[in-house]
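Sequence lines set the chain letters: A, B, ... in the order given, protein chains first and strands last, and positions in each chain run from 1.
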Amino acid sequence: MSARPYRVRFAPSPTGYFHVGGARTALYNWILARQHEGTFVLRIEDTDEARNKPEWTEGIISALAWIGVEPGTYEGPHFQSEYAATHLDAARKLFDDGNAYYCDCTQEAVRQRVGPNKGYDGFCRDRQLGPAEGRPLRFKVPQPGSTTVVDLIRGEPVFDHDTIEDFVLLRGNGTVMFLLANVVDDMAMNISHVIRAEEHLPNTPKQQLLWKALGAEPPTWAHVPLLVNEKRQKLSKRRDPVAMEMYRDEGYLADAMKNYLMLLGWNPPGDEEIVPWSLVELSFKLEDVNSSPAFFDVRKLRAFNADYIRKLSVDDFTEACRPWLTGDKAPWSVERFDPAAWERMAPLVQTRVEVLGDVPGMVDFLFDEPTRDDASWAKAMAAPAPALLDDVIDTFEALQPWTADALKAELELIGTKHGLKLGKAQAPVRVAVTGRSVGPPLFEAL
RNA sequence: GGCCCCAUCGUCUAGUGGCCUAGGACACCACCCUCUCAAGGUGGCGGCACGGGUUCGAAUCCCGUUGGGGCUGCCA
């Protein structure tokens, strides 16, 4: 275990969206830094030109802020590209110390020698080649030997060196590879704990070898379980809904999202799953994180979100809905929105939505022509509905005072006249007014 | 192919050798409540992958099998 002051880093690559798995590791790092009064470092892995757009970095920062990691409360953002010179220095030192060598093998030549399923064979290890255009620099993996990775979650997996090829440090064009850059950055930043997804575990022995060859004590590692889809595959942008921005835009509450994310691979003490964030911060321990992958279940997330919405005060709920009612997201024209009507409806809507994005669909009949659900219409308008509706119109037009209780009493009377209980009698009225057969309580809505 | 990781209800998990006849949550089903739909309440369905050990005793420890996943780039 490291005796260094606690410094952790979250190092996403700017790819245009913020992955839910990344959000979870960010949270882990963030909590741990706070628990140990250490430092949380945000470093953007931007060495790939194709992934280096300023707005993407902004996206990462704003998504972090959404889940409570506010700019100003952490160190950064740092950019990997800022360390380019340091990367090259490290490569030179590795070469000078005899821990790395240049290689002039073509990929075809290597494949011919070793076959299709094997890595590089170390052909140039002792050829004493110097640097030249087109020659990659390779790390000389100590042979024979083995590396034990001490991992807070995985135990101590051992990797035999003869299964690790002499991997490339510098490309033939002289640019640095991610693996080296990552190690050098972590060293330069004095990172004490590297907490990241399990997919990086197989690279860890290589990185650990690099730390040692560069004369430093490796950090404490922790590889957290992957988040997977229903087919148990790593969540990917292409086939799975993984962008935090998307959940935010659909009306998930940050607190619900955070709570749910923390439950994947870990759970708080006690019987409750929905817990205040303060308890999470207090009781989270890396050692308690499981090692098996977890399915990211949107249905459970929705249930959590619904619960968090219900726990909001009516005022907070009303406020939280604003973007969906009066902003760009509102499906009706803004002038027709009536805040007073919405205020009366809000508590009724609150127990009926799972995400804030569902709210407009619940109250649209107040501010717009209702969109008619044809199936409901056909079902509700069968006889004796038309006759009943005529009576309803006559009665309601004259009704004083116009209150939910009075409306209900009147409809009950009319229903009896047509041989219908209230449950049946309300259906045609509801469909006529809201366009649908389900929705908030009818008489309050009227 | 090689290396590594993983394995408790459908899903997320509790469980660290006796408190386990395996607990909770989501989902699902039923009932109650009810103007629809929700919410709320009550109950139900459902699991230790398999085979060997170790032990008085195993979901828990060991080995193997099977299954799943990740990595295996001059990507990050």
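In this structure, A/E165 reaches the sugar-phosphate backbone alone: every heavy-atom distance under 4.0 Å involves primed, P, OP1 or OP2 atoms, never a base.
For residues 253-270 of chain A, the side-chain hydrogen bond (donor to acceptor under 3.5 Å, both in side chains) pairs, not counting sequence neighbours, are A/N259-A/Y308.
Side-chain rings of A/F304 and A/Y247 stay apart, their centers remaining 6.0 Å or farther from each other.
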Taking N or O atoms only and anything under 3.5 Å, show me the protein contacts with nucleotides 11-13 of chain B, one pair per line.
residue : atom : partner : partner atom : Å
B/rC12  : OP1  : A/R232  : NH2          : 2.3
B/rC12  : OP1  : A/F295  : N            : 2.9
B/rC12  : O2'  : A/L263  : O            : 3.0
B/rC12  : O2   : A/K300  : NZ           : 3.4
B/rU13  : OP1  : A/G265  : N            : 2.5
B/rU13  : OP1  : A/N290  : OD1          : 3.4
B/rU13  : O2'  : A/N267  : ND2          : 2.4

Please list, for nucleotides 1-3 of chain B, all pairs of protein and nucleotide N/O atoms separated by less than 3.5 Å.
residue : atom : partner : partner atom : Å
B/rG1   : N2   : A/N117  : O            : 2.6

Might you work through the side chain to side chain donor-acceptor pair (under 3.5 Å) test for A/T434 and A/R430, ending with a clear yes or no?
CA-CA 6 Å; A/T434 70; A/R430 175 183 299 281; 5.4 Å; no

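Residues passing the side-chain hydrogen bond (donor to acceptor under 3.5 Å, both in side chains) test with A/N29, sequence neighbours excluded: none. In this structure A/K285 satisfies the side-chain hydrogen bond (donor to acceptor under 3.5 Å, both in side chains) test with no other residue, sequence neighbours excluded. Partners of A/D368 under the side-chain hydrogen bond (donor to acceptor under 3.5 Å, both in side chains) rule, at least two apart in sequence or in another chain, do not exist in this structure. Considering only residues two or more places apart in sequence or on other chains, A/L282 meets the side-chain contact (heavy atoms from CB on, under 4.5 Å) condition with none of them.
In this structure, A/K206 atom NZ and B/rG70 atom P are separated by 17 Å, rounded to whole Å. In this structure, A/E198 atom CD and B/rA7 atom C1' are separated by 13 Å, rounded to whole Å. To the nearest angstrom, C1' of B/rU72 lies 13 Å from CG of A/L179. If you take CG of A/L301 and C1' of B/rA25, they are 14 Å apart, rounded to a whole angstrom. Nucleotide B/rA76 holds its P atom 15 Å from the CZ atom of A/R196, rounded to whole Å.
For the residue pair A/W221 / A/Q207, no side-chain donor-acceptor distance below 3.5 Å is found, with atom types taken as modelled. For the residue pair A/S313 / A/D316, a side-chain donor-acceptor distance below 3.5 Å is found, with atom types taken as modelled.
Along RNA chain B, the nucleotide closest to A/D271 and the one closest to A/P136 are compared, and the more 5′ of them pairs with A/D271. For A/C105 and A/S291, each mapped to the nucleotide of RNA chain B holding its nearest heavy atom, the one lying further toward the 5' end belongs to A/S291.
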Base versus backbone protein contacts along nucleotides 29-37 of chain B [heavy-atom cut-off under 4.0 Å; B, S, -]:
------BBB

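Residues from residues 302-316 of chain A placing a heavy atom under 4.0 Å of any atom in RNA chain B, listed by number, are A/A303, A/R310.
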Result block: side-chain N/O donor-acceptor pairs under 3.5 angstrom for residues 375-388 of chain A, not counting sequence neighbours:
residue : atom : partner : partner atom : Å
A/S376  : OG   : A/D373  : OD2          : 2.4
A/S376  : OG   : A/S437  : OG           : 3.4

Donor-acceptor list for residues 232-239 of chain A side chains, cut-off 3.5 Å, not counting sequence neighbours:
residue : atom : partner : partner atom : Å
A/K234  : NZ   : A/E199  : OE1          : 3.0
A/S236  : OG   : A/R239  : N            : 3.4
A/R239  : NH2  : A/K234  : O            : 3.1

Per-pair distances, 0.1 Å, donor-acceptor, side chain in residues 394-405 of chain A, under 3.5 Å, sequence neighbours excluded:
residue : atom : partner : partner atom : Å
A/T395  : OG1  : A/D391  : O            : 2.7
A/W402  : NE1  : A/L446  : O            : 3.3
A/T403  : OG1  : A/A406  : N            : 3.1

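Taking 4.0 angstrom as the limit, A/K234 places a side-chain polar atom (N or O) nearer than this to OP1 or OP2 of B/rC71.
When all heavy atoms are compared, the tightest approach of A/D160 to A/G145 is OD1-O, 3.2 Å.
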